[in-house]
Structures are given as structure tokens and as C-alpha cells.
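First comes the structure, then the notes that go with it.
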There are 2 protein chains.
Amino acid sequence: MTKNTTYKMTVCPMTYVLEILGDKWSFLIIRDMLFKGCCQYKQFIESDEGMATNILANRLKKLTQHDLITQCKDPNNGRQKLYHLTTKGLDLVPAILHLIKWSGKHDSETLLSEKIMHYLEHRFDDAVDIVKQEYRQKCHVETVN
Amino acid sequence: MTKNTTYKMTVCPMTYVLEILGDKWSFLIIRDMLFKGCCQYKQFIESDEGMATNILANRLKKLTQHDLITQCKDPNNGRQKLYHLTTKGLDLVPAILHLIKWSGKHDSETLLSEKIMHYLEHRFDDAVDIVKQEYRQKCHVETVN
DNA sequence: GGGAATTACTTTCATTATGCAAGCAATCGA
DNA sequence: TCGATTGCTTGCATAATGAAAGTAATTCCC
């Protein structure tokens, strides 16, 4: 199949992803895990956006039920739970980076640095690898320490 | 900047895109425009998902205000309006295709054909081009006829 | 060992969004 | 000119959301 072949993309369902992530908060939770290293309830609450506690609990449960994240007790502090992205969750990285790229391109007040923007535009696949790799390292450090 | 350079992706805002598209319906409207060729109010209403008329009107207005779509009168039928994606709207194609790809991969009941799935996995950039190209052709035909 | 602090929720209740049904105005075809 | 089509808008019942307060389990500190 070459690029010039007419290839009708007719049936393209996306209700599944919208069922799980079709709201304002779910994507932000995953973004905070990826880029801010959030893995505790407290950290999400303290994050910029000001999510209500009940909404956070609701979304963490939903994301867990759909196997995008896992919950486990912090071995060093029984009060705390640790939340981590699963492989299924990490699979969202390309989609999320495209959404971020789009935001950076079309939001005149974006906080996205030109450096990162440039990287997303010219080395997208590398960016995906880096984000995943950094996340896995972060996770490993946090769960082992 | 090579792939091996540690490149911290720390500031990655996506509130802008979620402000506009952070709900169940907005993405579906754009998907219907891209893949089902919907460009009239009626067509969106008749589409699978069963969107309420007030919600549709609300979302079309919002997407228009944010310049993702344009509205114009059908020159051949004054009762009808035609809705079309702008360049800014079409810029969402990569993100949407990744969301569709993710849905196809992780939804056990997906309707996405293996053929398209394979294409999304191995020729993603071509898929983006094809979808955009097909949409532009469709648009041209519809607005000129 | 006991009281205060921390963490992760849950509950309550006011506000907002959604969804269905019906209505309305402009346009068109006969 | 009259009914049908199209693209909305309105009213109202129901569901989701959000702020504030409460709760239970654990840990820290003396």
C-alpha cells in the first residue's frame, strides 16, 4: 500500500477512548503523572489545576478500573498509595504529545517553550521515546527507594 | 539534539485543547466530519451516537468560536448551513488518529478493521496525509457542486 | 503509649451540564 | 400559498460536578 493509493478510512471508532478519557480531568491526571511525576493523591490535589478531591478519587478509580493506571501501597508509608501508569496508559503518550503540540501551536498564550515545540515538530517519535523512558526511570526510582 | 540526550519534558500544557475539546462530543463531531463526511446539522444528528440537538448546537458554536470549524450557507439551499474544518481543525488529525489507534488496540470489541489498524501502526504519517487529503477533496466537491 | 498530624478518601448539598420533547423561524418545493 | 425541511432554541427533569466538611487508617513525636 503506497501513499498514493486511495485508501478510504471510513470506519474509525473512537468512542472507547472517549468513554474513558472524554472529560477535562482524566487527561490532566495522566499528563501530571507523565510530566510532573505525580504518583500520590496529595500531589494531584496540589497540582495547578485545582481538581476537587471527589473528582480526583472518582477519576483515579475509573482509570484503575480501565487498567490505565495501577494502585499500590507505598511500602515505606502505609498511609500513602502510589499510582502508576500501566503499559496501556503509557500507550497514550503519542496521542497526548500531539494534543500538547496542538495546544502549543494554536494557543497564543502557551507556556510551551520553543525548544520543546521545535522538538515535537521535528523529532516527534524521539519525543515519545524520551517521555516513556523518563517515566519508566522515575517510576523505578520511586517504587524502589 | 540526539535521541540519547536527556531532554526533560517538564512544562507540557494541554489545558487549551481540553478547554475546547475536553468532553465526549466535540471530538466525535470532528471525527464525523473527517470520516463520515458530515457537514450539515442533520447529518450529525442522524449519526450513530445520538447527540441531543441542543448539545450539538452548543458544540458547533463553541468549535466555531475557537476557529476549528467554519459555518457558511449552502449556496444551493438557503435552509442549510455547511460546516467545514479549518486548518486549525485539520491540525488535530494526528492526535485523533492516535486516539483511534489506541481505541483499536485496547478495545476488545473494536470495529476498527485489521487493515486500517495495520496501516495506523506501520504508516502513521501516510495515514495522516491521506485523511487530510481525502477531507479536502470531499470539501471541495461539496462546496462546489 | 497517646494525642496530633498526614493521607486518602467519602459524604453532603448547592450549582451546573445534559438530554429529551416540544416549539419556532426561515426557506424551499409543489 | 401551504406543508415539509432544516437548523436551531426553550422548558424541564435528571445526572454530573465542585466546594466544604467529615472520616478512617496510619504514622510521627513526645
Side-chain angles (χ1 to χ4, degrees), chain A residues 15 17-33 36-66 68-85 142-143 145, chain B residues 15 17-33 36-66 68-85 142-143 145:
Chain A
T15 40
V17 66
L18 293 176
E19 200 74 28
I20 302 173
L21 296 158
D23 73 324
K24 191 182 164 187
W25 299 112
S26 305
F27 271 117
L28 287 180
I29 288 174
I30 294 175
R31 183 207 59 178
D32 284 353
M33 296 177 85
K36 301 188 183 175
C38 292
C39 59
Q40 295 170 21
Y41 198 87
K42 194 184 57 159
Q43 294 174 325
F44 291 111
I45 291 297
E46 286 167 355
S47 185
D48 300 341
E49 322 288 350
M51 200 178 337
T53 57
N54 49 350
I55 302 293
L56 175 60
N58 177 299
R59 294 302 188 280
L60 287 173
K61 197 203 267 182
K62 192 172 181 182
L63 292 175
T64 305
Q65 284 169 345
H66 284 97
L68 274 74
I69 64 177
T70 52
Q71 308 188 9
C72 62
K73 269 200 167 181
D74 186 335
N76 308 308
N77 187 340
R79 286 175 299 191
Q80 294 184 343
K81 271 191 189 176
L82 295 176
Y83 299 92
H84 290 297
L85 287 166
E142 276 157 7
T143 48
N145 270 356
Chain B
T15 40
V17 66
L18 293 175
E19 201 73 29
I20 303 172
L21 295 159
D23 74 323
K24 192 183 165 188
W25 299 113
S26 305
F27 271 118
L28 287 181
I29 287 173
I30 294 175
R31 184 208 57 178
D32 283 353
M33 295 178 86
K36 301 187 184 175
C38 294
C39 59
Q40 294 169 21
Y41 198 87
K42 193 184 60 160
Q43 294 173 324
F44 292 111
I45 291 294
E46 285 168 355
S47 184
D48 299 341
E49 323 289 349
M51 201 177 340
T53 58
N54 51 349
I55 303 293
L56 176 60
N58 177 298
R59 294 303 188 281
L60 287 174
K61 197 201 269 180
K62 191 173 182 183
L63 291 174
T64 305
Q65 284 169 347
H66 285 96
L68 275 75
I69 64 177
T70 53
Q71 309 188 7
C72 62
K73 269 201 170 183
D74 186 333
N76 308 309
N77 186 340
R79 285 175 298 192
Q80 293 185 347
K81 272 190 190 175
L82 295 176
Y83 299 93
H84 290 296
L85 288 166
E142 276 157 6
T143 47
N145 270 354

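So that the names make sense, note that chain A is the first sequence line, chain B the second, and so on, each numbered from 1.
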* Phosphate contact (D:dT6 OP1 or OP2) by B:K42 side-chain N/O below 4.0 Å -> yes
* To do: Please tell me which of the listed nucleotides, C:dA8, D:dG7, D:dT17, lies nearest to the side chain of B:Q80?
  => D:dG7
* Asked: Which nucleotide in the set D:dG7, C:dT10, C:dT7 lies at the smallest distance from any side-chain heavy atom of A:N54?
  -> C:dT10
* Look at A:W25 and D:dT17 and indicate whether a side-chain polar atom (N or O) is within less than 4.0 Å of OP1 or OP2. => no
* In this structure, which one of A:L28, A:L63, A:L85 forms a side-chain contact (heavy atoms from CB on, under 4.5 Å) with A:M33? -> A:L85
* Looking for any heavy atom pair under 4.0 Å, which part of the strands does B:K24 touch: base, sugar-phosphate only, or nothing? -> nothing
* **Separation between CG of B:L82 and SG of B:C38, rounded to the nearest 0.5 Å** => 12.5 Å
* Scan side-chain atoms only and decide if A:S26 and A:K62 contain a donor-acceptor pair under the 3.5 Å cut-off. => no
* **For atom CD of B:Q40 and atom C1' of D:dG7, their distance in whole Å** => 10 Å
* Tell me what B:N77 touches on the nucleic acid: a base, only sugar-phosphate, or nothing, going by heavy atoms under 4.0 Å. => sugar-phosphate
* To do: Return the 5'-most residue of the pair B:T53, A:L60 with respect to DNA chain C, ranking by each residue's nearest nucleotide.
  => A:L60
* To do: Look at the side-chain N and O atoms of B:K73 and state whether any lies under 4.0 Å from the OP1 or OP2 oxygen of C:dT27.
  => yes
* Hey, does B:K61 reach any base, or is it just sugar-phosphate, or nothing, if we go heavy atoms under 4.0 Å? -> nothing
* Reckon B:R59 has a side-chain N or O less than 4.0 Å from the OP1 or OP2 of C:dT18? -> yes
